[in-house]
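Proteins come first, then strands; the chains are lettered A, B, ... in the order of their sequence lines, and each starts at number 1.
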Protein chains: 2
Amino acid sequence: MVKKKETITIYDVAREAGVSMATVSRVVNGNPNVKPVTRKKVLDVIRQLGYRPNAVARGLASKKTTTVGVVIPDISNTFYAELTRGIEDIATMYHYNIILSNSDMKKEKEIQLVEALLEKQVDGLLFLGGEITDSHREIFAASTVPVVLAATRDERRELPYVTIDQIQAAKEATTILVHEGHEQIAFIGGPLTDSVNGYPRYVGYKEAIEESETSFDEALVRLGDYRYRSGYEAMKSLLESQPGVSAVFAVSDEMAVGAIHAVQDLGKRVPEDVSVIGFENIPLSSQVRPLLSTVSVPMYDIGAVAMRLLTKYMNDEQVESGQVYLQYSMELRNSTKLKEWEDER
Amino acid sequence: MVKKKETITIYDVAREAGVSMATVSRVVNGNPNVKPVTRKKVLDVIRQLGYRPNAVARGLASKKTTTVGVVIPDISNTFYAELTRGIEDIATMYHYNIILSNSDMKKEKEIQLVEALLEKQVDGLLFLGGEITDSHREIFAASTVPVVLAATRDERRELPYVTIDQIQAAKEATTILVHEGHEQIAFIGGPLTDSVNGYPRYVGYKEAIEESETSFDEALVRLGDYRYRSGYEAMKSLLESQPGVSAVFAVSDEMAVGAIHAVQDLGKRVPEDVSVIGFENIPLSSQVRPLLSTVSVPMYDIGAVAMRLLTKYMNDEQVESGQVYLQYSMELRNSTKLKEWEDER
DNA sequence: CTGTTAGCGCGTTCAA
DNA sequence: TTGAACGCGCTAACAG
């Protein structure tokens, strides 16, 4: 792979076109203060020489890179991939590029990635999914560029974020099961130490149960890691030790599907014997049988809105509210019996 | 969000430490020619001042940005998301950042994205999935930085790539069905105009059929768009018009799962009445019942190897071969009857 | 409407 | 082992 080395600069274009580099810069940047004739001449030379502006030099001089950094837990996770697509689409729309990095939700790595992104002089930062600790607030506060959180929130409300009301969503999902009249509604959750997704959804479940006729029972709770396998195991354990369970709320679609399969493997049917409701509404939920009833989280929109919000901050535009909660909905399909659901919100 | 403006530079550090900026530059870049004492002093000042090197300025001066551009069809597609994770992991390992952009497989957009990435002075380019046309070869040839293709190939072998042998893989998958002794083996493919995935897999299917006892029958072929829905529709159409079909090879897992559901909805069973084999081995394939038999494509590895290859080119290291074909395998689960399969390759 | 002139923050000779 | 000086390619006043 032999490559040519001649870098052709704005200066070459200027000389060739018989104008100053300032003029070339103007036409390249669409500055209207250029006589049409000269503009055309410059444009011709640019094409002829195959000139390509150097964004790095431009970035150094203008102190803007038109790129934003994105810290995401794991791009191979459907949920975040969908979110990222929303981010990228809006970024493209506003002529920004995205530098993507996976954090695996590790605090250390998150901080380090943010640091690296800042070194690269990104114009803004999108931070997805992870829990916001004081270390995060510290580095974000020290940042000279705006930061927006997505699919997570800052309890202290110091940082702008866009997400959904997790507690409420989990509560509604559970309530659907309550309305179906079950005596024992189990819960398959994520780690309670996960303050972003795990804990809030647990709280929502608990609140719904406590407001119902039945009462909260620790024995009906199982914790997994959001993955299929853990949902399967949890359900199996539940069915074996709690024969009275006739409904379950799993806080991720993968776990919910795993739960459905566990039910089926034990010779029971969904939703006839056990109702199952999930959370997220990733494609998987409508690619299994029975179709999974789930909480529909607007993943794409969360990404898109977060990115849009970031552009506003980057352009110093006025922002009504930095804390935005997007609408979620109950997508009732075939793993639950209740087909209608009044939106109480 | 009020932000501070003071940018602290290498020059500030120099002054504060009582040395020249050249020395600071040396310690920042790990140049050994610095007396330990001065190094420590500089390091202290750096920490104290909270100095953060400006990668853009560095990029301009050194003509290296330690970032690579990645053009991908669609990050929300599981297959590519997995691939991207492989890329990102290796990139991180070699201290590169990734600028990600979605092309949706649109030729125009691909070219435009490459152009933008080149403007950003990426040190290398990873191009995923799309077909390589002359326009592509042209812009890649004109590029001063190395380009590696992943999950696609350049028939003209002008560009390096890493992928799998699609024809052979499709052929083997079909052959498994042949060995099960079916009279009519259907095919649910992608667009034949898709020279990257659609056409090769079709060729593989056809070759396998033609080498078998049975003969190729156009009526057993249906084309979809790799998505679940199209697989479902294709299978339904197949079952309705070709009652003799007892096996089908779908060129994507989503279509294969859709096919399975169509079979089931028509009151038949998989694999007892109809054997189904897919392609890709995305997580979905092991999250449905019956578990899907499929061609396992090393998605993560394709990304990882491609990125590794790119680093070699970027460092002017010796590369044995620019055309690498990774190993795939037959993942036989429960949607086919044959449980063993000799690897003939 | 166009050109001149400073930097932007840092890597890198070349001397010392 | 260290410093001075130049240049990377471009934007942004400021003149004219």
Side-chain angles (χ1 to χ4, degrees), chain A residues 5-43 45-46 49-67 95 116 118-123 144-145, chain B residues 5-43 45-46 49-67 95 116 118-123 144-145:
Chain A
K5 285 296 163 190
E6 355 99 21
T7 7
I8 111 133
T9 79
I10 200 174
Y11 194 76
D12 299 319
V13 177
R15 184 168 23 74
E16 207 67 24
V19 299
S20 78
M21 50 174 293
T23 300
V24 178
S25 175
R26 290 197 183 89
V27 345
V28 168
N29 293 297
N31 184 317
N33 293 345
V34 180
K35 206 194 304 178
V37 195
T38 25
R39 175 187 303 282
K40 181 177 177 343
K41 185 168 55 182
V42 171
L43 248 20
V45 175
I46 285 181
L49 261 47
Y51 167 70
R52 175 184 297 140
N54 181 325
V56 172
R58 181 181 295 188
L60 183 59
S62 70
K63 291 177 163 293
K64 286 197 186 324
T65 55
T66 64
T67 103
H95 305 292
L118 257 19
E119 280 191 13
K120 297 254 170 162
Q121 310 299 118
V122 293
D123 292 341
T144 55
V145 300
Chain B
K5 286 297 164 192
E6 357 100 17
T7 7
I8 113 131
T9 77
I10 200 174
Y11 196 76
D12 299 318
V13 177
R15 184 167 24 72
E16 206 67 25
V19 299
S20 77
M21 51 168 293
T23 300
V24 178
S25 176
R26 290 196 185 90
V27 345
V28 169
N29 293 295
N31 184 316
N33 292 349
V34 181
K35 207 193 307 177
V37 194
T38 27
R39 173 186 306 283
K40 179 174 178 353
K41 186 168 55 182
V42 171
L43 249 20
V45 175
I46 285 181
L49 260 47
Y51 167 69
R52 175 183 297 139
N54 181 325
V56 171
R58 181 181 296 191
L60 183 59
S62 70
K63 293 177 163 290
K64 289 201 184 321
T65 56
T66 62
T67 104
H95 305 292
L118 256 19
E119 279 190 14
K120 296 255 171 161
Q121 311 300 117
V122 293
D123 292 340
T144 55
V145 299

*For the side chain of A57(A), starting at C-beta, report the closest nucleotide among dT2(C), dC10(D), dG11(C).*
dC10(D)

_I want to confirm an ordering. Mapping P32(A) and A22(A) to their closest nucleotides on DNA chain C, which one lands closer to the 5' end?_
P32(A)

*Taking only N and O in the side chain of T7(A), is any of them less than 4.0 Å away from OP1 or OP2 of dG9(D)?*
yes

_If the cut-off is 4.0 Å, is N29(B) near the phosphate of dG11(C), judged by side-chain N/O to OP1 or OP2?_
yes

*At under 4.0 Å, does any side-chain N or O of K64(B) touch on OP1 or OP2 of dG11(C)?*
no

*Distance test, side-chain N/O of Y11(A) to OP1/OP2 of dT11(D), below 4.0 Å*: no

*Between K35(B) and A61(B), name the one whose nearest nucleotide on DNA chain D is closer to the 5' end.*
K35(B)

*Least distance between heavy atoms, V27(A) atom then V42(A) atom*: CG2-CG1, 3.6 Å

*Is a side-chain donor or acceptor of S25(A) paired with a backbone partner of M21(A) at a separation under 3.5 angstrom?*
no

*Side chain of R52(B), base of dG9(C): donor and acceptor closer than 3.5 Å?*
no

*With a non-hydrogen cut-off below 4.0 angstrom, is N54(B) in contact with a base, only sugar-phosphate, or nothing?*
sugar-phosphate

*Examine distances only and state if a side-chain atom of N29(B) and a backbone atom of N31(B) form a donor-acceptor pair shorter than 3.5 Å.*
no

*Does T9(A) place a side-chain N or O at less than 4.0 Å from the phosphate oxygens OP1/OP2 of dC8(D)?*
no

*Determine the contact category for S25(B): base if any of its heavy atoms lies under 4.0 Å from a base atom, sugar-phosphate if only primed atoms, P, OP1 or OP2 are that close, otherwise nothing.*
base

*Nearest-Å distance for atom pair CE/C1', residues M21(A) and dG9(D)*: 7 Å

*asked:* Pairing donors with acceptors under 3.5 angstrom, does anything connect the side chains of T65(B) and K120(A)?
replied: no

_Check: V24(A) and V45(A) side chains under 4.5 Å, non-hydrogen atoms_ = no

_side-chain N/O R58(B) vs dG11(C) OP1/OP2, d < 4.0 Å_ = yes

_S62(A) side-chain proximity, nearest of dT11(D), dG9(C), dG11(C)_ = dT11(D)

*Within this structure, what is the NZ-to-C1' distance between K63(A) and dC10(D), rounded to whole angstrom?*
14 Å

*Roughly how many Å is it from CD1 in I46(B) to C1' in dG9(C), rounded to a whole number?*
14 Å

*Any donor-acceptor pair under 3.5 Å joining the side chain of R26(B) to the base of dG11(C)?*
no

*Report which part of the nucleic acid V19(A) touches: base, sugar-phosphate, or nothing (heavy-atom distance under 4.0 Å, all strands).*
sugar-phosphate

*Could you check how far NZ of K40(B) sits from P of dT1(D), rounded to whole Å?*
18 Å

_Tell me whether the side-chain N/O atoms of S20(B) come closer than 4.0 Å to OP1 or OP2 in dT2(D)._
no

*Pick the nucleotide of DNA chain D nearest each of P36(B) and L60(B); which residue has the one closer to the 5' end?*
P36(B)

*asked:* Could you check whether any side-chain N or O of S62(B) sits under 3.5 Å from a backbone N or O of R58(B), counting only pairs where one atom can act as donor and the other as acceptor?
replied: yes

*Among dT4(C), dT2(D), dC10(C), find the nucleotide with the atom closest to the side chain of T38(B).*
dT2(D)

